[in-house]
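In this text, all values refer to a predicted model and were calculated from it rather than measured experimentally.
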Amino acid sequence: MTTVETQKVLAGLIGSLASSMVSLRHLHSFKVGDSRIEVPLNGSSPQPSDKRVVLNLLNAIYQTQFLVLWDKEGHAAEFMNKVSKYRLFSSQQEWLIILPRNVTLEHVTRQLSQARIYVNSEVIVCSYREKSNESFDLREIWKVGKGAPFQIRPIGSWSWETGLQYLPILEKYERRKDLQGFHLRVATIITMPYESITQNETRQNFREGYVVDVWHTLQEQLNFTYTATDTLFGSLQSDGVTWNGMVGMLQTDDADVAVAPLSITQIRAVSIDFTIPIQIVSTRIYLRRPVLESTWTLYSQPFSRNLWLCVPSTLLACAATLWILCKISYMVGCDDYKVSFGDTVWSMFSAHVQQAGDMEPDPVSGKIVYFAGYWTGMILLTCYSAILVSILTTRQPQLPFSDFTGLLKRPDWNLGVRTNTALSDSLALAPKNSPERLSWEKVVGKDPIRNLPYNNMDALDYVLKGKYAFFANKEYIIYLLQNVLPVEKSMEIVDTKKDFLQRGIGFGLQKGSPYTKLFNHVLTKMTQKGHLNRLKRKWWPNIASDPEEPYPIPGFNEVFTLFIIWGSGMILSMVCYLGESFFGRGNKMSSDLVEDIWSSNVK
């Protein structure tokens with residue numbers, strides 16, 4: 001193919017304008033965006049030739065475009081293998097390889113066997129159609145992973161008469177979904193309800209969990225195998241670059257994917273890539289339920305001070321009115337029954353507490369007052385009972401604090417956060433002098449062994465012992481409270497009802513991984529079909545609701561006021577009894593003496 005023929009083919013295939021055309025023998029670097037990457041070539045330079053081997057199209061609208069004119073000498077292959085280590089065979093670069101008539105596609109794939117042309121690549125090979133001088137076949141090539149053979153798929157053709165014609169094919173990641181059993185190295189961490197692994201050496205060693213269900217759905221869709229290794233989440237090391245745990249394994253190419261509820265954070269995204277979120281999680285502070293504070297004034301709380309003053313005033317007013325009316329009625333001869341003021345007071349008190357009395361006023365005016373007293377008492381007693389019941393059933397213990405600022409005011413408390421997690425990083429890397437950073441330095445730091453547990457169950461044991469707060473993801477703790485801990489222990493753990501962080505969790509991959517967009521493609525389909533929501537409901541059937549609060553039960557302290565009133569009444573009644581007995585005995589003795597004197601005089 002001559003240079004003129006090649007330019008005509010390129011003009012027909014690509015509508016973009018070439019900003020530069022560089023001969024391979026002069027190519028020592030190339031530009032990607034605003035960066036220039038040096039590509040040294042080993043061996044002797046090719047002999048001078050007027051044939052242009054590599055055509056580099058810059059300033060493409062969406063992607064950088066490379067057009068390669070293949071040569072028998074292997075200079076184009078050497079160039080492509082060199083730039084492979086710079087990850088330039090991704091979805092951000094388009095490559096079109098033009099083959100001479102006497103070069104086969106098998107020859108190209110053999111020379112590019114070490115190139116990183118994976119499932120996310122955009123590499124198309126244009127070759128002469130057999131027994132034709134004016135028609136060309138277009139085929140895409142890619143590999144499912146390192147060491148795997150090339151996959152070849154026809155995507156269209158070009159000819160002088162018809163121009164560019166594409167075959168009816170599926171979307172890119174739909175047609176590349178089959179990874180043909182390629183083996184992935186997985187880093188994970190055993191933490192329910194997200195994942196657990198079997199203890200044997202099987203290649204498919206995940207057992208159960210929400211993340212496991214999502215991962216196995218991906219496996220079913222993409223046809224790969226895996227082996228999972230248990231490790232830590234990963235924490236940034238002192239050099240500010242390297243990580244331990246699964247993030248570090250992705251950094252050092254010891255794992256291909258981190259299958260775990262890995263929090264998607266900006267600091268982690270510098271070193272690894274993430275899939276789209278598979279769940280949004282929130283974080284709260286958990287602590288032991290405080291004991292209800294004792295109070296001797298509980299039964300006085302339904303009424304305000306002014307209302308309590310009005311109650312005896314109303315009672316005395318009704319009693320006085322009733323006594324005056326009854327006395328007037330007796331004086332004018334309308335009633336034969338003489339009523340004392342004490343009788344009316346006792347009767348009105350009975351009316352206010354809705355108890356029956358033995359007094360029945362005869363005049364209509366007295367009946368009206370009597371009815372008003374009973375009606376007033378009924379309303380007061382009903383309101384009092386309703387408010388008291390409401391207080392008893394809604395009364396909750398007071399939390400010692402609700403946020404990090406309040407925690408710092410309680411030096412006798414400890415704060416726990418799971419070690420080597422995004423939550424511990426969020427406290428350790430919080431802005432200087434912020435409540436979170438001070439809590440990390442002053443509260444967590446005073447006992448690192450106890451305050452940096454490796455699992456959630458150890459932390460909850462510390463919480464149940466008292467004066468220990470645990471900063472954790474709500475989704476973890478809800479699962480443990482609803483499914484793992486005994487009911488009596490679950491009811492002893494409460495949270496501060498305040499969400500501090502909300503972030504997504506997803507799978508982690510190596511920086512620039514070829515599988516990121518492929519995984520995202522399948523996860524997006526799962527989200528659109530509602531499959532992820534169904535899996536969430538499987539593991540968190542009550543994820544939207546917190547554990548129910550128990551009804552507060554009044555104790556001795558709450559009813560002690562009544563015992564004081566009862567005891568005072570008993571003591572007062574005994575005093576009255578003694579007084580009545582003494583005065584009653586004296587009256588009887590006087591009556592007997594008068595009777596004896598009267599009898600003697602009569603005789």
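Of the possible donor and acceptor atoms, none in the side chain of Ser263 sits under 3.5 Å from a partner among the backbone N and O of Thr265. Side chain of Ser424 to main chain of Val417: no donor-acceptor pair is present (N/O by atom type, distance under 3.5 Å, no hydrogens or angles). No donor-acceptor distance shorter than 3.5 angstrom exists from the side chain of Ser84 to the backbone of Met80, with no hydrogens or angles considered. When atom types are taken as modelled, the side chain of Arg288 and the backbone of Val463 share no donor-acceptor pair closer than 3.5 angstrom. Here the side chain of Asn244 pairs a donor or acceptor atom with the backbone of Ser235 at under 3.5 angstrom. Here the side chain of Arg268 pairs no donor or acceptor atom with the backbone of Gly508 at under 3.5 angstrom. Gln221 places no side-chain N or O within donor-acceptor distance of the main-chain N or O of Leu218, the cut-off being under 3.5 Å. Between the side chain of Gln114 and the backbone N or O of Leu112, no donor-acceptor pair lies under 3.5 Å. Put simply, the side chain of Asp495 never gets that close to the backbone of Tyr286: no donor and acceptor are under 3.5 Å apart. At least one donor-acceptor pair under 3.5 Å links the side chain of Lys143 to the backbone N or O of Ala115.
Of all the heavy atoms in Thr405 and Pro435, the pair that sits closest is OG1-CG, 3.6 Å. Shortest non-hydrogen contact noted between Pro453 and Asp458 is CB-CB, 4.4 Å. Here the closest heavy-atom approach between residue Glu195 and residue Ala260 is recorded as OE1-CA, 3.2 Å. Taking all atoms of both residues into account, the shortest heavy-atom contact from Arg418 to Tyr454 is NE-O, 3.1 Å. The minimum heavy-atom distance linking Ala258 with Leu262 is given by the pair CB-CD2, 4.2 Å. Considering all non-hydrogen atoms of both residues, Thr527 and Leu532 come closest at OG1-CD1, 3.2 Å.
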Could you go step by step and tell me if Val444 and Ser439 meet the side chain to side chain contact (heavy atoms under 4.5 Å, CB included) rule?
-> CA-CA 6 Å; Val444 178; Ser439 297; 5.7 Å; no
Go through Tyr468 and Arg450 one step at a time and tell me if the side chain to side chain contact (heavy atoms under 4.5 Å, CB included) criterion holds.
-> CA-CA 10 Å; Tyr468 186 95; Arg450 186 166 181 254; 3.7 Å; yes
Show the numbers, then the answer: is there a side chain to side chain contact (heavy atoms under 4.5 Å, CB included) between Asp256 and Gln510?
-> CA-CA 6 Å; Asp256 300 307; Gln510 293 183 12; 3.9 Å; yes
Take Trp413 and Val443, measure what side chain to side chain contact (heavy atoms under 4.5 Å, CB included) needs, and give me the verdict at the end.
-> CA-CA 8 Å; Trp413 277 72; Val443 186; 5.7 Å; no
Should Trp440 and Phe404 be marked as a ring pair (Phe, Tyr, Trp, His ring centres under 6.0 Å) after you check the CA-CA gap, both sets of side-chain angles, and the distance that decides it?
-> CA-CA 10 Å; Trp440 171 264; Phe404 292 102; over 10 Å; no
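For the atom pair CE of Met192 and CG of Asn455, the computed distance is 13.5 Å after rounding to the nearest 0.5 Å. Separating the CD1 atom in Ile169 from the CD1 atom in Ile155 is a distance of 5.5 Å, to the nearest 0.5 Å. Note that CG of Asp178 is 12.0 Å distant from CZ of Phe224, once rounded to the nearest 0.5 Å. Here the CZ atom belonging to Arg176 is positioned 12.0 Å from the NE2 atom belonging to His521, to the nearest 0.5 angstrom. To the nearest 0.5 Å, atoms CG (Leu509) and CZ (Phe519) are separated by 6.0 Å. The structure places CG of Asn456 at 12.0 Å from OH of Tyr479, a figure rounded to the nearest 0.5 Å.
Exactly one residue among Arg537, Arg534, Arg207, Lys538 makes a salt bridge (Lys or Arg N to Asp or Glu O under 4.0 Å) with Asp213. That residue is Lys538. Of the listed residues (Glu94, Glu140, Glu122), just one forms a salt bridge (Lys or Arg N to Asp or Glu O under 4.0 Å) with Lys172, and that residue is Glu122.
A 4.5 Å side-chain heavy-atom check between Phe182 and Leu222 finds every atom pair outside the cut-off. Side-chain contact check for Phe89 versus Trp95: some heavy-atom pair is nearer than 4.5 Å. Val214 has its side chain within reach of Leu523: a pair of non-hydrogen atoms, C-beta onward, lies under 4.5 Å apart. In this structure, the side chains of Met491 and Val487 come closer than 4.5 Å at one or more pairs of heavy atoms. Looking at heavy atoms from C-beta onward, Tyr118 lies in side-chain contact with Lys146 at the 4.5 angstrom threshold. Contact of the Arg284 side chain with the Asp499 side chain is registered, since non-hydrogen atoms from C-beta on lie closer than 4.5 Å. Between Leu485 and Met457 there is a side-chain heavy-atom pair separated by less than 4.5 Å. Proximity of Glu475 to Ser282: side-chain heavy atoms (C-beta onward) are separated by under 4.5 Å at one or more points.
In this structure, Lys498 pairs ionically with Asp403, as a charged nitrogen and a carboxylate oxygen lie closer than 4.0 Å. Classification of Asp253 and Arg185 as a salt-bridged pair holds, one side-chain N sitting under 4.0 Å from a carboxylate O.
Atom CD1 of Ile449 has 12 or fewer heavy atoms from other residues, nucleotides or ligands within 6.0 Å. Counting heavy-atom neighbours within 6.0 Å of Lys446 NZ, excluding the residue itself, gives a total above 12. Within 6.0 Å of atom NZ in Lys442, 12 or fewer heavy atoms from other residues, nucleotides or ligands are found, so the atom counts as exposed in its surroundings. Under a cut-off of 6.0 angstrom, the local environment of CD in Glu174 is crowded, with over 12 non-hydrogen atoms contributed by other residues, nucleotides or ligands. Shown here is Lys177, whose NZ atom has more than 12 heavy atoms of other residues, nucleotides or ligands within 6.0 Å.
Centroid-to-centroid, the aromatic rings of Tyr194 and Tyr476 come within less than 6.0 Å. Proximity of the aromatic rings of Trp243 and Phe233 is defined here by a centroid distance below 6.0 angstrom, and this criterion is not met.
Seen from the ring of Phe401, Arg410 does not count as a face-on cation partner, given the 6.0 Å and 45° thresholds.
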